[in-house]
2 protein chains.
Amino acid sequence: MKKAVTIRDIAREAGVSSATVSRFLNRTGYVDQQTGARISEVVERFHYRPSRIAQSLKTKMSRNLVLVVPDIQNPFYSSMADKIQNLLLREGYTVTLFDSGADFQRELTCLGLAESIGADGILFASVWARQTILNELAKIGVPVVMINSYGACPFDSVHGVRSQSTYLATRHLIELGHREIAFAGGTPETAIAQSRKNGYLKAMKEAGLPVRQEYVFEMGFDSESGRKCGTYFSALTQLPTAICCANDLIALGVLQTLLERGFRVPQDVSLTGVDNIEYSDLCSPTLTSVINDSGEFARLAVSALLERLRGSYEGEPREFLIPRRLVKRASTAQPQRKERQE
Amino acid sequence: MKKAVTIRDIAREAGVSSATVSRFLNRTGYVDQQTGARISEVVERFHYRPSRIAQSLKTKMSRNLVLVVPDIQNPFYSSMADKIQNLLLREGYTVTLFDSGADFQRELTCLGLAESIGADGILFASVWARQTILNELAKIGVPVVMINSYGACPFDSVHGVRSQSTYLATRHLIELGHREIAFAGGTPETAIAQSRKNGYLKAMKEAGLPVRQEYVFEMGFDSESGRKCGTYFSALTQLPTAICCANDLIALGVLQTLLERGFRVPQDVSLTGVDNIEYSDLCSPTLTSVINDSGEFARLAVSALLERLRGSYEGEPREFLIPRRLVKRASTAQPQRKERQE
DNA sequence: TACAGATGCGAAAACGGTTACACAGAAGTA
DNA sequence: TACTTCTGTGTAACCGTTTTCGCATCTGTA
């Protein structure tokens, strides 16, 4: 039902052996000009394409890599996925993309799949980079690059400077004069949520500002969570003057909810996000954010993986840090409401 | 360097033949309780996973499908991709995702790749569904479902009702009282851009409204194009009172540019998009749009493809039409400026 | 002339599974 | 009892490549 034409068909038609065809196609070993031309012609005429599957079986190289992301609908990841795919395609690799839904079990499932489809390597943006996961990865035995999974691991990894994003955002808010700064966090217990929260806490602590229990709200990393978050904060008797969000999607959700409720941004409350996704510059007010350069993530992750695949680097696990930079936009301003009276 | 443990290792260890192991693993043919348990144990102990590659070679089924989209960063497609992937994973299929960048040559490249990796089927959101492409698809010889590629084709296809989206949007604007309605189109010459433009033209014609040359601007389907578009329109001596955009990304770009230039939306100009992406409800003013249910696209496309794969449907190509629905939001209102004086 | 190396090619053995076929014993049935 | 059918298993061929040998020629050089 599928392909009918094999290398042997080509060989027969061209009057040579399949070995010669193979050698010609892969430019490995000698083959006569004439013969080559003949093969070439037959290949063309038969619309022959060698079966990657058979090749993989023989060479134990599938030239297929697996990329696992927690949420392909998050623009940071879709943009990164896009760039990774382009970079790898150029090197002759295809990419099988899995969306783990930020779920621990599904992350494991994805790894199982990665193993059975015979991926040559794995790019893993894991939010649950626990021991179980790391063990599983080790068992598979192919090169791995961890993306955005904070925490020690025996693989190459690329991520932003730990806690820097929310730290920068919170510092910015503090410098503007805010004292009542809330935090809208991501999926609790994940390393990345932890890291983002720590950045906020660190900045607050450094400034000698207290962190009020009710000013920390943690849900998920999507805009829906942001909405819930916005609902929660706007229901407080005392609205914070600023909210530092763990990423832009959350911030957008918060932003919308606040506007719906009649609050003004940034007059009533300032807002910051992280990732600098396209939409943080398309909403209004535009969103102050922290650049998380998905292209840079892609480039570093891919080049690290390629080096491992080629064997051009075989040393200790490397850690690639990507510096962030704050982008001030319209959603942050000096606090205009009176400080709350105690 | 990669996997070492094969089915024969398991067989030897369990004291049976590889045939029995295979039968047990695939629940095909009889195998004794005891024997099964023994195999199971060995499989576990050796952390054995059958090689999908070898399986594919033998069965001529890779259980891998290819999905080609024009722009994975477009939320409509990333959302659709996500849903498609989930649906197919449940059926035991993995999906390899390609981003064609809405480029004709790359669409061809993707098909070539799909063929060589031995995809069992193809879900193809093609913007260039021309004869060359259709021929190539036919040559591959696996089931194909075309997504959003208007125009006759010999494969199952799923798309919105032709021209309906922008037609609904334009009608809405007309009903609000607009007469000077501009159109911000997508990549010219693509079938989908054509279709969207036709919807606009049709509504205008029906209402007896003239379409002014300078009120039609066509670029691409992304927000950057939208920005260019916004710049263009705002430079006109006479701004239209409404702009119908070919999708939400364009609309968001237009929206931002207009706001930057000091125009008010919808007071100075009303704006509509298509797709109803998440962000059309997160920006402000929220964007009037036309629902393009990516989940419905995913479901229909997947079920059509599965039927073909299983052979449970083998008849003529089917065309699945997905109806749209307008979502009125804050970006559209009655025109408030005086009609232009001629 | 003789020999080493380069060139061109084919036979056949893998790679790791699936499956058609064969066979034997157990169970059911007439 | 004699037959069929059902169970349970092994042998071996095969899927479409790559690749190791080995064997010819051909070329250049001493």
Return the nearest nucleotide to the side chain of [X]; candidates are [options].
X	options	value
A:S17	C:dT18, D:dG16, C:dG10	C:dG10
B:Q55	D:dT9, C:dA14, C:dT18	C:dT18
B:R8	C:dC9, D:dC14, C:dG16	C:dG16
B:P50	C:dG17, C:dC9, D:dT17	C:dG17
B:A19	C:dT18, D:dG10, D:dT18	D:dG10
A:R23	C:dG10, C:dG16, D:dG16	C:dG10
A:T6	D:dG16, D:dT18, D:dT9	D:dG16
A:Y30	D:dT7, C:dG8, D:dC15	C:dG8
B:K58	C:dA11, D:dT17, D:dC14	D:dC14

Checklist line | Smallest separation among heavy atoms of A:R308 and A:P143, with atom names | finding: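 Looking at all heavy atoms of both residues, the closest pair is CB-CB, 3.7 Å.
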Item checked: Least distance between heavy atoms, A:S62 atom then A:G118 atom ->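 Smallest interatomic distance, heavy atoms only, reads OG-O, 2.6 Å.
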Next item on the list: May I ask you to establish whether A:R318 and A:Y313 are in a cation-pi arrangement, using a distance under 6.0 Å from NZ or CZ to the six-membered ring centre and at most 45° from the ring axis?
Entry: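 Geometry flag: set, cation within 6.0 Å and 45°.
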Nearest-Å distance for atom pair [atom1]/[atom2], residues [X] and [N]:
X	N	atom1	atom2	value
A:I10	D:dT17	CD1	C1'	13 Å
A:I53	C:dG17	CD1	P	14 Å
A:D9	D:dC15	CG	C1'	13 Å

Distance-only donor-acceptor check, side chains [X] and [Y], under 3.5 Å:
X	Y	value
A:K83	A:S79	yes
B:N135	B:R130	no
A:D99	B:Q85	no

Notebook entry, point to check: Taking only side-chain nitrogens and oxygens of B:T59, does any of them come within less than 4.0 Å of OP1 or OP2 of C:dT19?
Noted result: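 No, B:T59 has no side-chain N/O under 4.0 Å of OP1/OP2 on C:dT19.
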Next item on the list: Using five pairs at either end of the helix from C:dT1-D:dA30 to C:dA30-D:dT1, determine the angle between the two local helix axes and round it to 10 degrees.
Entry: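 Rounded value for the end-axis angle: 40°.
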Check: Is a donor on one side and an acceptor on the other found under 3.5 Å between the side chain of A:T190 and the backbone of A:T187?
Finding: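 Between the backbone of A:T187 and the side chain of A:T190 there is a qualifying donor-acceptor contact (under 3.5 Å).
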Next item on the list: Select from A:G15 and B:T20 the residue whose nearest nucleotide in DNA chain C is closer to the 5' end of that strand.
Entry: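 Mapping each residue to its closest nucleotide by heavy atoms, the 5'-most match is A:G15.
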Next item on the list: Tell me which of A:Q33 and A:S18 sits closer to the 5' end of DNA chain C, going by the nucleotide each one is nearest to.
Entry: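 Between the two, 5'-proximity favours A:Q33.
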Next item on the list: Classify the side chain of A:K60 versus the base of C:dC15 as yes if they form a donor-acceptor pair under 3.5 Å and no if they do not.
Entry: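 For A:K60, whose side chain was compared with the base of C:dC15, there is no donor-acceptor pair (under 3.5 Å).
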